[in-house]
Amino acid sequence: MHFLPFKLRVIPRELVFKQPAGTSRGVYTTRKVWYIVLSSTDPQIRFTGLGECAPLYDLSCDYDEHYEQRLRQICAEVEETQNLNSEKLRPYPSILFGLQSAFRSAAGSLAGDYLKLFPSAFTQGQRGIPINGLVWMGSYEEMCQRMEEKLDKGFRCVKLKIGAIDFESELNLIRQLRARFSADTVELRVDANGGFTPEEAPQRLEELARYDIHSIEQPIRQHQWEEMARLCANTPLPIALDEELIGVNDYKQKIELLDTIHPQYIVLKPSLHGAFTGAGEWMSLAKDRGIGYWTTSALESNVGLNAIAQWCAAIDPDTTMPQGLGTGQLFAENFQEAPLHIEGDCLWYGSPKQRAFLQEIEDFKERWKQPVPTMTVHTSGSTGKPKEMHVEKVRMWDSAMATLQALGLQEGNSALLCMPLKYIAGQMMLVRTLAGQLTLVPVAPTSHPFAHLHQAPDFAALTPMQVFESLKVPHERSLLRRTLCLIIGGGAISAELAKEIASFPNPVFSTYGMTETLSHIALRRLNGPSASDYYTPLTGVEVSLSDEGTLEIYAPRVNPERLVTNDVAELLPNGLFRIIGRKDNVICSGGIKMHIEELESALAQHTNTSIQITSVPDASLGEALTLLYESETEIAEEMEALCRRVLSKYEVPRHFFRVSHLPLTETGKPARAQAKKLAAKMMNRE
C-alpha cells in the first residue's frame, strides 16, 4: 500500500474495564493496546491517520513479551520503505490491522475526516448496523441483571458468554429467557470460548438446542479439527468458529480448515483473523461454501471498533445479521472522538441530530438537481417575523462563484457547514461546495461546531456567537485559529471578539449581506495588515446612499432589483463603506435619536457581560432607553455605572433588567422585536 510521504508513531495505552469481563479463559480488568499515528512529512499536505493494534495476550497469534519491540520495528520498516506490504505481514494480524486502519484513516483525513475509513450509507448516517447485546460471564444474579438490561434497551439478539459458572445454572438462565421470549422475539446466541471438552460437548449441545439457540461459538478449544468436524457434522444447533481461525493466516490453510471442519458459521475479528485483507479472505471463502458469518470486535477501543464497524458496513451493506459490535462502552476511558452511538439494537455513526442534518443536506442536494429554477429560503427574522422567499438557482450559483473567487478557494479545499439549511447562510455554504467542488465537512448547527472535529477545515462560515463560544475551549480554539479562511456574518462583532480575531494567523473576514442578496455582497478584513472598518464590495456589486443615508445595493448577478436597505452607512469615494446602524434600530428618546448598535458597541468594549439595548414606552420621553443584560446575579447598579462612564448623558438607559438569556434568532442575531416585548413585560412587573 503506497501513500504520500509519511512518518509513523506508536503510542501505548492501557484501558480499564468498567466492570470485570469474564470469559472461560479468565477475567479481564485491563486491556493493553497500541495506537499507530500516521502523519504527513510534507508541510504542504496535511493528513493524519490513526490505527489500533489490540492483541489479546492469551489468544492472539502475534503476541508475546516482545510485541511492542516487534511493532516498533515493523513500523520503522514501513516508514523507511514508505510502503505497507500486507502480504509480508500475514503472520502479524493485530499489527497489520493497526497499520491498515492508519492508512485508511489517513486517506479519510485527506477527504476531510480521519475517522471515516470506509465511506458508506453507515458513515453517512443513513443506515445503522444491527448488533447483538453482549452478556458477560459472572454470577447467576449478575448475568440475569445484565440480560434484563440488554432486553430493556431494545436488543432483540442477545449473546451469552457461558463457562464461568456451572452449566446447570447457565441452562436455568437460558430457560428463564425462553419462558418469557420466544425465538421469534429474541434471538439467543451463546459463546463457550472453547469451554467444553470434546467428550461433554455433544450432550451439552443437545441440552442447549432445546431452547432454540441460534448458534454456539467455539464449543471446544481450537486446534482439534477432527473433533470439531464431528461436532459440526452432527450438531443439533449451528456452530460458529471463532478462536479456531486464529493463527490460520495462509490462504491455502484457510481453505483446508473450512473444507475439513465444515462449520455452519465463522466469526470474523480483523484484529485476530488477518486484518481487513485476511478477514476478507475468510468471508469470500465462506460465501463460496455456503457458510454464514458475522463480524465482531476483539475488545478494541473505539479506534479499532470504529474501523471494524465501517469495514463491516461497507463490505456487506445489506446484511440483517446482528453483528458483535456493541463493545464501545466497555472501558472507563475510551476514545471519545469516534461518533459511534448505540440506539436500540443498532450501532449508528453520528448522533441523531447529526444524522438528521446529513439527511437535510441530501434533501437539499436532491432539490437542487430537480428541473425547477428556484429554491425556497427563509429570512432570519432578526427584524420581524421570518419570511419565505423563492430565489433562482442560477443567482445562488453566481453568488457562490463570486465568494470562491474573492477568497481564492480551490477545488478540494475542505469547507465546514454548520449553519441551518433553512436560511440563506447555510444554503449558500452548501452551494459553494457544489460550485467549487469543495470537500464538505458537515456539522449539525451548534454553538460549538469544532467540538467533534479532528482537523481544521480550509474554509468556514460562522456567526459571531459560534466564534465566541469556540474560543472558550482550547481544542476548539486551536482548530478555529488554524482554519485557513474564516468568514463571520449574521451579527455584530464585539470589541472583545475583534481583539481576539486580530491575532489569528490566517485571513478572517466579516461579511455584509442579507437574504435578498443571497448571503454576502461585501467583505472586510478583521486581521492582518489589511484589517479595516470598511467593507469592500465583491466584483460586480455597486453601492450608494439613499436620501436618508441608508445603503443602496445593485448586484445584478444575485438580484435584478436595486435594494434600499435599512442600514445607515458611511460611503467613501472609492466605493468602500462602513455600517453605522439600522434605521429601524434608532431610538428617539426625548427628541434625541440614537443608534442601538453604536451604543452596544461602545459598551461591549468595556464589559464581558452580554447586553442588548432596546426601549419601552415612556409618557415624557416617548421611548425610554432600556438595557437588558445576561447575568446569574443582579448587577443593575454596576451596569448603570458603566453606562454613565462610557456613554453621554442622554445615552444612559433609564431602565436595567437582568435576564437569564438574551433573545436571539436561530442564526444567533439579536431578536430586536422579542427584546422589546421582553423589556415591556419586565417593565410592567415593576
Heavy-atom pair with the smallest gap, counting every atom of [X] and [Y]:
{"X": "Trp282", "Y": "Ile266", "answer": "O-CD1, 3.7 Å"}
{"X": "Pro270", "Y": "Thr295", "answer": "CD-CG2, 4.4 Å"}
{"X": "Val441", "Y": "Ser414", "answer": "CG2-CB, 4.0 Å"}
{"X": "Leu151", "Y": "Arg180", "answer": "CD1-NH1, 4.5 Å"}
{"X": "Thr439", "Y": "Ala111", "answer": "CG2-O, 2.7 Å"}
{"X": "Thr235", "Y": "Gln264", "answer": "CG2-OE1, 3.8 Å"}

Quick one: does [X]'s side chain get under 4.5 Å of [Y]'s, heavy atoms only?
{"X": "Leu96", "Y": "Thr277", "value": "yes"}
{"X": "Leu453", "Y": "Leu416", "value": "yes"}
{"X": "Glu343", "Y": "Pro352", "value": "yes"}
{"X": "Asp42", "Y": "Phe6", "value": "no"}
{"X": "Asp62", "Y": "Pro93", "value": "yes"}

Answer yes or no: is there a donor N or O on one side and an acceptor on the other, between the side chain of [X] and the main chain of [Y], under 3.5 Å?
{"X": "Asn334", "Y": "Asn302", "value": "yes"}
{"X": "Arg9", "Y": "Val37", "value": "no"}
{"X": "Gln100", "Y": "Gly98", "value": "no"}
{"X": "Lys18", "Y": "Gln329", "value": "yes"}

Hey, what do you get for CH2 (Trp311) to CZ (Arg104), rounding to the nearest 0.5 Å? 11.5 Å

Spacing of CG belonging to Leu245 relative to NZ belonging to Lys269, to within rounding of 0.5 Å: 9.5 Å

Any donor-acceptor pair under 3.5 Å linking the side-chain atoms of [Y] with those of [X]?
{"X": "Thr48", "Y": "Ser39", "result": "no"}
{"X": "Ser169", "Y": "Asn172", "result": "no"}
{"X": "Ser271", "Y": "Glu300", "result": "yes"}
{"X": "Asp64", "Y": "Tyr57", "result": "no"}
{"X": "Tyr35", "Y": "Ser301", "result": "yes"}
{"X": "Gln359", "Y": "Gln126", "result": "no"}
{"X": "Trp34", "Y": "Glu52", "result": "no"}
{"X": "Glu476", "Y": "His448", "result": "yes"}
{"X": "Asn306", "Y": "Gln310", "result": "yes"}
{"X": "Ser60", "Y": "Tyr67", "result": "no"}
{"X": "Gln323", "Y": "Thr296", "result": "no"}

Chi angles and distances behind the salt bridge (charged side-chain N to carboxylate O under 4.0 Å, His left out) call for Glu68, Arg72: CA-CA 6 Å; Glu68 184 170 330; Arg72 293 184 182 277; 3.0 Å; yes

For the residue pair [X] and [Y], would you count it as a cation-pi contact if the rule is NZ or CZ under 6.0 angstrom from the ring centre and within 45 degrees of the ring axis?
{"X": "Arg189", "Y": "Trp294", "value": "yes"}
{"X": "Arg31", "Y": "Phe17", "value": "no"}
{"X": "Arg355", "Y": "Trp348", "value": "yes"}

Intermediate values then yes/no, side chain to side chain contact (heavy atoms under 4.5 Å, CB included), Glu243 and Leu59: CA-CA 8 Å; Glu243 289 90 343; Leu59 203 57; 3.7 Å; yes

CA sep, side-chain torsions, deciding dist, call: Glu281, Lys254, salt bridge (charged side-chain N to carboxylate O under 4.0 Å, His left out): CA-CA 9 Å; Glu281 286 179 353; Lys254 292 177 181 180; 2.8 Å; yes

Can you classify the ring geometry of Phe196 versus Phe167 as parallel (below 30°), tilted (30 to 60°) or perpendicular (above 60°)?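 Ring orientation, 0 to 90° scale: perpendicular.
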
Hey, what's the ring geometry for Phe118 with Phe276, parallel, tilted or perpendicular (30° and 60° as the breaks)? perpendicular

Do the ring centers of His214 and Tyr265 come within less than 6.0 Å of each other?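 Yes - the distance between ring centres of His214 and Tyr265 falls below the 6.0 Å cut-off.
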
Please confirm whether Tyr114 and Phe47 have ring centers closer than 6.0 angstrom.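 That pair fails the under 6.0 Å test.
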
A quick test of your reading: do over 12 heavy atoms of other residues, nucleotides or ligands sit less than 6.0 Å from CD of Glu80?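 For Glu80, atom CD is not crowded (no more than 12 foreign heavy atoms under 6.0 Å).
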
What's the verdict on side chain to side chain contact (heavy atoms under 4.5 Å, CB included) for Gln224 and Ile261, showing C-alpha distance, side-chain angles and the deciding distance? CA-CA 10 Å; Gln224 302 179 83; Ile261 298 178; over 6 Å; no

Given the rule in the side chain to side chain contact (heavy atoms under 4.5 Å, CB included) test, do Met228 and Ile220 qualify, once you have shown the distances and angles that lead to the verdict? CA-CA 7 Å; Met228 187 67 86; Ile220 63 174; 3.6 Å; yes

